[in-house]
Amino acid sequence: MMKNSIKILGALLIGSALSACYVVPAGNARVVTSANGTPAATNSVSSHTLNARLYPSNAEAQRFGGVHGTVTVDQAGHGRLNAVIGGESFSGDATRDLNSRRGTGNASAPSGRYISCDYTMHSATLGKGECKMSTGAIFEMHISK
């Protein structure tokens, strides 16, 4: 009987100690409080995907012609940059400084080539910038919905 009481007491102590802990959600999940005051997880951090057109700005870029890509950034300023250049798929990260509307994107291909972009958003769905490829190609980037 004493052993069971000790086990129950131990479980109660652990439970009360853990009740002061909380879980920090990972990814896009966040905790909100429902109408009755209980926490509920939601994935309401929204992101939107914008089209990125890359136009050749130098002779090295002209061999690739116009390029289409996408920039997906969430409300926290982090997202993804994807493009296909010369038949190679580039993918990587995009970030945006929410205070200045300036952003950067870096993506790489399996071959080891990479592209680095700097852009400025003029509105929520329109922006402009420049992308430099590891081969020396330079593109003017236009971002739109």
Side-chain angles (χ1 to χ4, degrees), residues 6-145:
I6 292 174
K7 286 181 184 179
I8 292 172
L9 181 60
L12 288 174
L13 288 173
I14 290 172
S16 65
L18 292 177
S19 69
C21 297
Y22 60 94
V23 176
V24 177
N28 286 337
R30 63 186 177 109
V31 174
V32 295
T33 303
S34 65
N36 67 4
T38 60
T42 180
N43 287 332
S44 65
V45 175
S46 67
S47 63
H48 57 280
T49 300
L50 299 173
N51 295 307
R53 293 288 303 166
L54 281 64
Y55 298 96
S57 293
N58 66 0
E60 179 64 24
Q62 287 176 351
R63 69 185 185 103
F64 297 108
V67 174
H68 179 267
T70 59
V71 178
T72 304
V73 180
D74 64 25
Q75 291 175 341
H78 184 262
R80 304 288 301 160
L81 170 65
N82 294 293
V84 177
I85 304 171
E88 280 190 288
S89 293
F90 289 75
S91 64
D93 292 315
T95 57
R96 189 178 73 236
D97 181 352
L98 300 177
N99 296 323
S100 71
R101 296 184 176 220
R102 295 189 51 78
T104 59
N106 295 291
S108 61
S111 67
R113 291 186 180 120
Y114 60 90
I115 190 164
S116 180
C117 304
D118 292 306
Y119 63 92
T120 301
M121 296 302 295
H122 302 292
S123 73
T125 58
L126 294 173
K128 188 175 180 182
E130 182 178 79
C131 296
K132 295 178 181 177
M133 198 169 157
S134 57
T135 62
I138 300 173
F139 298 90
E140 185 176 314
M141 180 171 66
H142 294 258
I143 301 170
S144 64
K145 187 156 179 127

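Everything quoted here is computed from the prediction, not taken from an experiment.
At least one donor-acceptor pair under 3.5 Å links the side chain of S134 to the backbone N or O of Y114.
A distance of 12.0 Å separates CD in E140 from CG in N58, rounded to the nearest 0.5 Å. Rounded to the nearest 0.5 Å, atoms CG (L98) and NE2 (H78) are 12.0 Å apart. In this structure, the separation between OG1 on T70 and CG on N51 is 7.5 Å, given to the nearest 0.5 Å. To the nearest 0.5 Å, atom OG of residue S116 and atom CG of residue N106 are 4.0 Å apart.
Applying the disulfide (SG to SG under 2.5 Å) definition to pairs two or more places apart or across chains, those involving residues 98-145 are C117-C131. Among pairs with a residue in residues 117-129, those fulfilling side chain to side chain donor-acceptor pair (under 3.5 Å) read R102-T120, at least two apart in sequence or across chains.
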Step by step, would you call E60 with T135 a side chain to side chain contact (heavy atoms under 4.5 Å, CB included)?
-> CA-CA 8 Å; E60 179 64 24; T135 62; 3.7 Å; yes
Please lay out, stage by stage, how I143 and M121 fare under the test side chain to side chain contact (heavy atoms under 4.5 Å, CB included).
-> CA-CA 8 Å; I143 301 170; M121 296 302 295; 4.1 Å; yes
Passes side chain to side chain contact (heavy atoms under 4.5 Å, CB included), H68 versus R53? Steps please.
-> CA-CA 5 Å; H68 179 267; R53 293 288 303 166; 3.5 Å; yes
Going through the checks in order, is the side chain to side chain contact (heavy atoms under 4.5 Å, CB included) test met by F90 and M133?
-> CA-CA 11 Å; F90 289 75; M133 198 169 157; 3.8 Å; yes
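When all heavy atoms are compared, the tightest approach of L50 to A124 is CD1-O, 4.0 Å. Smallest separation of non-hydrogen atoms from G92 and A107: N-CB, 3.6 Å. Residue V84 comes nearest to S89 through the heavy atom pair CG2-OG, 3.9 Å, listed as atom of the first residue, atom of the second, then distance.
Under the side-chain hydrogen bond (donor to acceptor under 3.5 Å, both in side chains) criterion, T95 pairs with T104, not counting sequence neighbours. Residues passing the side-chain hydrogen bond (donor to acceptor under 3.5 Å, both in side chains) test with R113, sequence neighbours excluded: E88. Annotation: salt bridge (charged side-chain N to carboxylate O under 4.0 Å, His left out) contacts of D93 (sequence neighbours excluded): R80. Checked against side-chain hydrogen bond (donor to acceptor under 3.5 Å, both in side chains), T72 has the following partners two or more places apart in sequence or in another chain: T49.
Ring geometry for F139 versus F64: interplanar angle of 30 to 60°, hence tilted.
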